[in-house]
Amino acid sequence: MRAVVFKATREVAVEDVPDARVERDDDVVVRVTSSALCGTDLHMYDGRTGAAPGTVLGHEGLGIVEDVGRAVHRVQRGDRVVLPAHIYCGVCFNCARGDSAACLRVHPGHVGGAYAMPGMGPFRGSQAELVRVPFADANCVVLPGAPGDEHEDDFVLIADAWVTGWHATELAGVRAADSVVVFGAGAVGLLAAYSALLRGASEVYSVDLIDERLDKAAELGFVPVDVRQGDPVEQIRELRRARPGTRLPGEEEMGGVMAGIDAVGFQARDRRHPDREDPRQVINDLARLVNPTGRLGIAGVFTTTDAAPAPEGGHADGALQVPWAALFNKGVTVGFGRTHDRRYTTHLRDLIISGRARPSQIVTHYESLENAPSIYDRFDRRVDGIVKAVFHH
Ligand SMILES: [Zn+2]
Ligand SMILES: [Zn+2]
């Protein structure tokens, strides 16, 4: 089968590799119809997370079940399925509580597993013609319709980008009428902001420094905030001061936002020197901007093994200095971590089917799998206006 293979830092190739096949009785093999390129793929591409050369990349796959192990009961040959990025068994201590990102069986000796991520198990990725799905009864979300229909690009975003964005709004406890800020207007950030609107937020601010992303944020109904125009915390406080309407006593003290989301992670840019990274930048901004009693959701990736930590503020094991006291004194709730796909995938599928949600509005580029080296390069260099690229296989 053809597959996108990590070769070396900033080098991928499309190569022939051994076909994915049923290895255990509870596996299926899926013929991939669409897969998506994710910012997390760039953590490997950039040589930050120690991916092994030869790794088949991709953790956002949609396709048709082609082969079924003998112990699989819920999924049949010919089913259309989306494959959540974080693999889980469905029945262990954590999965039974809905904490599927912390599955205790999928990668023995570790917490959680995923396709094509260093440290997350031996699972090959879905930027390939075929992909093996372990614990298939748990890890296949069955979908209506047929490949290439009007929901092809919506459904592929359930694999990771939208569930991660939705999870961020859960971590940040976004409720009706909340004021919300999302740092980062890449795919996950935009879909976190989109989820906040679906949950009834009254104001959603989307912070970034790339024109096409800010344009997309505005198109989707968020207030774009360009960090190149100055401190985003001050910009948002100013925008909120200018709102019409009556105020409750003391409301002027609540000029920040009630819920904040980090959709950037450890590769945050240092605002004073945008060519440099400072992994503390976003958390510092969020701590300044969040209101007393507010809530934060940290959905951007932080890695415990950074091969090239930022000279200022970075740390090879991810131990960062954060404004703990400011968060304590404001009584802020902070949620962290990977998305528990099991909780959200079928709900998000149903929002698509009912017509209430069209997450595919964030997709800007379509590519063939054979073009992977070019789109990885352009996405990595943040050129060409790429917000989200989908491979149509
Ligand atoms: Zn992803
Ligand atoms: Zn489990």
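Hydrogens, waters and symmetry mates play no part in the numbers below; they use all other heavy atoms, side chains included. Index from 1, following the sequence. As the structure lists them, so they are numbered: ligands from 1, and atoms in each ligand from 1.
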Angle subtended at the Zn ion (ligand 2) by C103 SG and C95 SG, to the nearest 10 degrees, is 110°
On the ring face of W162, is R349 found with NZ or CZ under 6.0 Å from the centre and within 45° of the axis? no
Is a side-chain donor or acceptor of R243 paired with a backbone partner of R240 at a separation under 3.5 angstrom? yes
Just to the nearest 10 degrees, tell me the angle at the Zn ion (ligand 1) spanned by H59 NE2 and C38 SG. 110°
Count the heavy atoms of every other residue, nucleotide or ligand shown that sit under 6.0 Å from CD of E370, and state whether that count exceeds 12. yes
Relative to the Zn ion (ligand 1), which of the N, O or S atoms in D160 is the closest? OD2
E60: which N/O/S atom is nearest the Zn ion (ligand 1)? OE2
Short N-O contact, R21 and D19, less than 4.0 angstrom: no
